[in-house]
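Atoms within a ligand are numbered from 1 in the order they appear, just like the ligands themselves.
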Amino acid sequence: MSAHARPAGARAPVTVPRLHEMKAAGEKIVALTAYDASFAALCDAAGVDVVLVGDSLGMVVQGHASTLPVTVDDMVYHTAAVARGVRTALLVADLPFLSFRDADTALRSSARLLAEGGAAMVKLEGADYVLEAIAALARRSIPVCAHLGLTPQSVHKLGGYRVQGKTKPAAERLLADARAVQDAGADLLVLECVPAALAGRIRSELAIPTIGIGAGADCDGQVLVLYDMLGITSGKRPKFSKDFLAGRGSVLEAIRAYAEAVRGGAFPAAEHAF
Ligand code: KIV
């Protein structure tokens with residue numbers, strides 16, 4: 001068997017085209033964050049489709065009050081660790097605060113996440129001036145996941161971690177931003193903390209898959225912060241999350257239960273949506 005051959009019965013690696021096929025087929029995409037090789041290997045073994053090295057690591061791993069202190073070096077370090085644990089899931093890495101402030105900086109930061117970290121896709125928050133970076137990355141065949149709604153790197157401007165797109169003008173702006181990131185070349189879109197009805201409208205209008213977190217069930221997939229869904233986040237667990245480890249015997253069982261609940265439509269329930 002060559003170094004690249006896949007054992008019989010093993011899951012095929014999840015690719016960007018595969019995510020598009022899943023949307024077209026109505027198959028839910030299961031995503032979860034991970035920050036090290038051991039948890040990444042459990043996500044992979046549980047059949048998670050997308051493993052995201054989120055800059056949420058600044059809060060849940062490093063203990064900061066926000067994601068703003070996270071650096072590109074931090075992201076490269078954690079992405080490389082996660083890459084050693086992942087075999088089949090698509091590995092997405094966050095571009096941290098100001099690491100995509102212009103197209104050139106975005107290209108340099110992303111090159112590190114792909115070449116040194118082993119990521120297959122980068123994620124970046126926002127639209128507006130960010131569209132140039134998305135287009136520059138897409139033109140160079142670097143897959144991009146956009147992130148709209150509650151964008152934690154803008155926490156000071158937003159005035160806290162709040163649900164976005166609640167008024168009609170704000171909802172229209174979010175829908176326009178979603179179209180714009182798709183048109184700029186994004187392959188995937190995370191929608192964080194937006195009303196479920198708005199997320200459903202965006203999902204049906206876009207050709208690219210949408211992954212929700214606090215965005216209701218009508219998205220093409222779901223993502224959670226791993227530590228939230230294991231019930232080990234300090235402080236109050238967000239309304240949109242659920243402790244899947246409660247009543248289960250292992251982390252692997254908890255992640256399997258999450259994957260099954262997303263694929264079967266049991267998570268998120270109405271109580272997890274806005
Ligand atoms: O940083 C992160 O973990 C994220 C997810 C919450 C989507 O962006």
Side-chain angles (χ1 to χ4, degrees), residues 19 29-36 39-40 43 48-72 74-79 81-82 89-100 109-110 113 117 119 121-127 130 144-155 158 160-164 178 181 186-194 199 202 208-216 219-230 232-235 237-242 255 258 262 267-268 272-274:
L19 296 182
I29 298 166
V30 178
L32 204 50
T33 69
Y35 314 101
D36 68 30
F39 280 110
C43 290
V48 168
D49 300 304
V50 173
V51 171
L52 167 67
V53 188
D55 63 352
S56 52
L57 69 86
M59 299 171 82
V60 300
V61 175
Q62 297 174 332
H64 294 297
S66 75
T67 60
L68 302 188
V70 178
T71 65
V72 174
D74 292 336
M75 291 308 304
V76 169
Y77 174 88
H78 285 279
T79 303
V82 168
L90 187 84
L91 178 51
V92 182
D94 254 336
L95 283 165
F97 183 54
L98 289 186
S99 69
F100 52 96
S109 307
S110 304
L113 291 172
M121 174 182 267
V122 295
K123 176 166 86 57
L124 77 188
E125 296 181 8
V130 178
V144 176
C145 175
H147 181 158
L148 296 174
L150 170 53
T151 46
Q153 291 171 17
S154 307
V155 62
L158 298 176
Y161 298 99
R162 302 199 171 123
V163 180
Q164 302 296 308
V181 296
D187 274 300
L188 192 62
L189 170 61
V190 164
L191 289 171
E192 179 165 356
C193 288
V194 302
I202 294 172
I208 60 172
T210 59
I211 309 286
I213 173 165
C219 295
D220 299 303
Q222 298 291 327
V223 62
L224 284 179
V225 169
L226 177 70
Y227 292 15
D228 288 345
M229 61 78 74
L230 295 177
I232 58 171
T233 307
S234 61
R237 191 178 61 246
K239 168 186 158 77
F240 56 75
S241 192
K242 176 176 169 175
I255 300 175
Y258 164 68
V262 171
F267 180 82
H272 306 114
F274 300 103

Checking the N or O distance criterion of under 3.5 Å, is ligand 1 in contact with Ser56?
yes
Sub-4.0 Å atoms of ligand 1 with respect to non-hydrogen atoms of Thr33
3 (O)
Is there a side-chain contact between Phe39 and Thr33, using heavy atoms and a 4.5 Å cut-off?
no
In terms of heavy-atom contacts, Cys145 and Val92 come closest through CB-CG1, 4.4 Å
Could you tell me, atom by atom, which parts of ligand 1 come under 4.0 Å of a heavy atom of His147?
8 (O)
Looking at atom 5 (C) of ligand 1, what's its closest protein heavy atom, distance included?
Leu52 CD2, 3.7 Å
Side-chain (Thr233) to main-chain (Tyr227) donor-acceptor, under 3.5 angstrom
yes
Would one find an N or O of Asp94, backbone or side chain, under 3.5 Å from an N or O of ligand 1?
yes
Non-hydrogen atom of Lys123 closer than 4.0 Å to ligand 1
yes
Reported CG-to-CD distance for the pair Asp55 and Gln153, which is rounded to 0.5 angstrom
5.0 Å
Examine Asp55 against ligand 1 and note whether any of their N/O atoms are separated by less than 3.5 Å.
yes
Gap separating the CD atom of Gln222 from the CD1 atom of Ile29, nearest 0.5 angstrom
10.5 Å
Parallel, tilted or perpendicular, judged at 30° and 60°: which one describes the rings of Phe240 and Phe274?
perpendicular
Do me a favour and list the nearest non-hydrogen protein atom to atom 6 (C) of ligand 1 with residue, atom name and distance?
Ile213 CD1, 3.6 Å
I need the atoms of ligand 1 closer than 4.0 Å to a non-hydrogen atom of Gly54, numbered in the order shown.
1 (O), 2 (C), 3 (O)
Minimum-distance pair of heavy atoms, taken over all atoms of Ala119 and Ala93
CB-CB, 3.9 Å
